[in-house]
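Notes for the one structure printed next.
These figures come from a predicted structure and were not determined experimentally.
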Amino acid sequence: MDRRQFRTRARLAKQLIEVYPLLPGPLARLTELANNLFFSWHRPTRALFEELDPEVWKQANGNPRLVLRCVNQENLDRAAVDPLYLERYRQVLGTFDAYLSAPPPRADEPLVAYFCAEYGFHESFPIYSGGLGILAGDHCKAASDERLNFIAVGLLYTEGYFIQSVDSDGVQHANYTDTDPRDLPVEAVRDARGNWLGVQVPIAGRPVHARLWRAQVGRVSVYLLDTNCPDNTPEDREITHRLYGGDVSVRIRQEMILGLGGLLALRALGLVPATFHMNEGHAAFLILELVREGIASGLEFDAALEAAATHCVFTTHTPVAAGHDAFDVGLFAHCFQGVVAGLGVSMERVLNLGRTPSAPHAFNMTQLALNGARRINGVSRLHGIVSARLCAEHWPELPPSENPVGYVTNGVHVPTFLHQTWSRFFDAKLGPQWRERLSDVEFWRALGRVPDDEYWLTAQRVKGAMLAGVRERLRREYSSKGLSQAQLRHITRLLDPDRPNTLTLGFARRFATYKRAALLLRDRARLARLVNDPERPVLFLFAGKAHPADQPGQQVLREIKQLMLTPEFAGSVVFLEDYDLQLARWLVTGVDVWLNNPVAPLEASGTSGIKAAVNGRLNLSILDGWWAEGFDNDNGWGIPPADVQDSERRDALDSGEMLDALEEEVVPLYYARGEEGYSPEWVRRCKRAMMTVIPQFNMGRVVQDYARGLYYPAASQYQRLMQGGPAAATALAAWKQRVRELWHGVRLVRSSEPPRELPRAGVLNLQIAAALNGLGTQDVRVEFLAQRILPKYRSELPALSSFRGDTDDTWRCALQPTGRSDSDGSTLYALQAAPPASGQYAFEVRIYPVHEMLAHPLELGLLKRL
């Protein structure tokens, strides 16, 4: 019985009686373990529940709470007197208690509140759809590991995302089933009197009630709101019914509950975060509630906006403008009439926070986030560049390369996605300290000294477990649908866990068209020759969901499913339906090669490839997202994207390059097996993938980059602003307004010509006249900026994070006011500076506003050059 059958049986029952067992005293804390998502990454904890009844564990989709309610009493009683089980139970509790009791790394750790529309913690907790949610789940887990003072806010969906089934024609069917909160690792949040805590969010002139739940993720509390309350109208009870379901009127109300309601919930809990992190624009309405709070404390609107923005961080994950949420201004005005009334300004003033010059009739959530957050980032180096360009009109006088959009490259939570067999292998070969040294580059080089045969044997065990799981999944699918068993045998002929010797490639992710799942299927004849070579067979495993409204994505899925059932490709191309976290873990740990072939540069990050590399699997991918930083020419295969404009020709060229790499490098290398039964060079590359990717792309490194580069600076700046009381925020807002009003009259004039040549030991003398149009010298910085072009030591931005300090090789100096004026009243500035090195420099002189409370030097987007 699969999870679809299990849920449907309960849903269709006219009456349901649950007969639950009683936990024996010695096992009383199993309930505590079931209620903390620590189990989602700690396999010994999960094993305690699976051992009680493996079949119930499987039917319950690995849900510990459900297992405890449905397992036979006899099984619990037997475990309570089994010395071996009790010893494992005590060991797990010891680890769990030590984990939770570890002190924070710093006593003054600021509280960070993280907002996201979805979270992927575990397959038994279906409040996620794909990469954004899994990343958010990993972020919370790593924040717990790193002992940050961290909480998260989201929505508790009644149905969550859809369960996928695909028929023999390749048609995707979306099935939804309600979840029972009793089955989920959540508890109702109650006040001191035992009352269920809730909030009211004004939507379209009426109060909408939302109840508050808490999920515990190690040390981190995740607060989830749902509107399925008796006090709400049937329409409002549906707001949190379905993740990414419904029309735009449902979507805007969901985002109001997340942003406005989420902050109201934190205040009801008595929590005062120092930093707010909006993970994607869905949560940006949070800004308006922060502004409302500021106004209630006595600030004017602009000052309240400044105060709110000072401690807000915004992460964008979308590499195309069309992917940013935008709502019709009429819909916004209808839904926000009550909210705007509390802000003390016109609807037009609020609408301007979400308008862009190119789309004045839409309220854009990314634009709201840009106006309401002072720290902004993409999720890889390349995505940071793309996002800076996408958002460039917000700072029209700045080149995109200099606007405030930075980047922190994504990673994955290694304990969640590293196969337990590899964990045991690391314990034996590297020592248990590997868990504390995930980011230690030198430590992981020890993998190169591990014997190749032991490494290969471990990798094959993991692959065999994946093949067994996939084969069983297909068997259950064919059985539940009443399909041909003969066809099943043919489809699964290469899925042999006892002989995992066929080169296996995996592609599993959301079936958006830009991800080009079917790219390698363009040349069917060439692909058929590749997969059907009897001496060197190749197996492709595909999985993924297309959004129910994405017809082009569903057509790609249909093409792959139909190909799977043709005689030419049956058994060599396999599609696995209902992609979820469990299937993801199987595939990323077990396939030999992970495929990723997006239209560049549209892959913001693409963390599935990181999960594969963490498990020693090799990436064959277009150089986009994280792989553009992770590929080192020796840890997989990187395919430069075709530099052409025509999409058909681009796809043909990229497909040809991918197939060339398979035919000429990947397949020959994998099958270059000597007497030892494996390819030594293949093993060397797999080790290289592990030792390069684990220390750089683990989520602990990511969370620390956020903490040091974004969270702590935001908290510090907000604290400094608030120390000045309401007057400080008011003064900052007034200063910005004054600068903007006067900036049109600011200009630079060169008073002296710079020399064409300068000896290395010489001094550059330069004089500039600046017309300040009423601004003071304390309001601006006149700057000499030179970039060395010969020799140029570094041609690209640093990997992993742009928030680790200025590492570029620029010559940057401030010109100082001389105290004298030019004949037209302009202020004279002078520079005397020694060059940092020999070479040729391209330079400019520029002027921009400065203030001690700016988060970024060019925050205002005002810049004039000479």
Side-chain angles (χ1 to χ4, degrees), residues 2 4 164-173 463-509 511 515-546 553-579 583-584 586-587 590-595 597 620 655 658-659 662-663 666-667 670-671:
D2 64 17
R4 188 184 304 108
Q164 178 197 57
S165 63
V166 181
D167 63 27
S168 297
D169 290 326
V171 177
Q172 173 182 278
H173 301 274
K463 182 178 178 181
M466 180 275 293
L467 293 173
V470 166
R471 188 168 66 173
E472 173 61 18
R473 194 173 178 116
L474 285 166
R475 186 198 64 76
R476 293 201 308 268
E477 177 191 340
Y478 269 63
S479 176
S480 67
K481 294 178 179 178
L483 298 175
S484 164
Q485 293 302 301
Q487 184 185 70
L488 174 64
R489 285 191 293 273
H490 193 54
I491 291 293
T492 59
R493 60 189 168 84
L494 296 178
L495 299 171
D496 187 347
D498 297 322
R499 291 184 296 172
N501 300 317
T502 298
L503 175 62
T504 303
L505 293 83
F507 180 100
R509 52 184 49 83
F511 266 47
K515 293 180 181 285
R516 298 190 297 185
L519 183 70
L520 295 183
L521 312 184
R522 291 175 61 90
D523 189 337
R524 300 289 175 84
R526 188 178 180 186
L527 184 66
R529 290 193 301 271
L530 180 71
V531 302
N532 292 317
D533 184 337
E535 299 299 321
R536 302 189 305 186
V538 177
L539 169 65
F540 285 86
L541 298 178
F542 288 92
K545 296 178 179 180
Q554 292 184 51
Q555 176 55 39
V556 173
L557 190 156
R558 189 176 301 122
E559 181 182 355
I560 293 171
K561 177 71 174 187
Q562 290 175 352
L563 189 76
M564 165 184 169
L565 301 178
T566 61
E568 200 172 16
F569 292 99
S572 297
V573 174
V574 176
F575 179 82
L576 303 162
E577 69 177 21
D578 201 25
Y579 183 50
L583 182 54
W586 285 349
L587 294 177
V591 300
D592 298 300
V593 175
W594 193 255
L595 298 171
N597 30 261
L620 169 59
S655 174
M658 296 279 284
L659 286 170
L662 277 171
E663 290 176 339
V666 180
V667 175
Y670 181 81
Y671 284 107

Do the side chains of [Y] and [X] get nearer than 4.5 Å, heavy atoms only?
X	Y	answer
Ile560	Phe507	no
Leu587	Met466	yes
Val556	Lys515	no
Val538	Asp533	no
Leu576	Glu477	no
His173	Val171	yes
Arg516	Met658	no
Met564	Phe542	no

>> Run the salt bridge (charged side-chain N to carboxylate O under 4.0 Å, His left out) test against Glu472 and tell me which residues pass, sequence neighbours left out.
In response: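 For Glu472 the salt bridge (charged side-chain N to carboxylate O under 4.0 Å, His left out) partners, ignoring immediate neighbours, are Arg475, Arg476.
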> Asp496: what forms a salt bridge (charged side-chain N to carboxylate O under 4.0 Å, His left out) with it, not counting sequence neighbours?
Replying inline: Arg499
Hey, could you give me the [atom1]/[atom2] distance between [X] and [Y], rounded to the nearest 0.5 Å?
X	Y	atom1	atom2	value
Phe511	Tyr579	CZ	OH	10.0 Å
Arg536	Glu663	CZ	CD	9.5 Å
Asn597	Leu620	CG	CG	8.0 Å
Leu659	Arg529	CG	CZ	10.0 Å
Leu505	Asp592	CG	CG	7.5 Å
Leu563	Leu527	CG	CG	7.0 Å

How close do [X] and [Y] get, heavy atom to heavy atom, and via which atoms?
X	Y	result
Phe540	Leu662	CZ-CD1, 4.2 Å
Ser168	Leu565	O-CD1, 3.4 Å
Arg473	Glu577	NH2-O, 3.5 Å
Tyr670	Pro500	OH-O, 3.9 Å
Gly590	Lys463	O-CG, 3.2 Å
Pro537	Thr502	O-CG2, 3.6 Å

Spell out, as yes or no, whether a donor-acceptor pair under 3.5 Å connects the side chain of [X] to the backbone of [Y].
X	Y	value
Gln164	Gly544	yes
Tyr671	Leu503	yes
Gln172	Ala546	yes
Ser655	Leu519	yes

>> Checking Ser572 against Asn532 for the side chain to side chain contact (heavy atoms under 4.5 Å, CB included) test, could you report, in this order, the C-alpha distance in whole Å, the side-chain angles of both residues, the deciding distance, and whether it holds?
In response: CA-CA 8 Å; Ser572 297; Asn532 292 317; 3.8 Å; yes
> Using 4.0 Å as the upper bound for N to carboxylate O, is an ion pair formed by Lys545 and Asp578?
Replying inline: yes
> Do any pairs count as a salt bridge (Lys or Arg N to Asp or Glu O under 4.0 Å) and have a residue in residues 566-575, sequence neighbours left out, and if so which ones?
Replying inline: none
>> Is there a side chain to side chain contact (heavy atoms under 4.5 Å, CB included) between Leu495 and Leu541? Walk through the geometry before answering.
In response: CA-CA 10 Å; Leu495 299 171; Leu541 298 178; 4.1 Å; yes
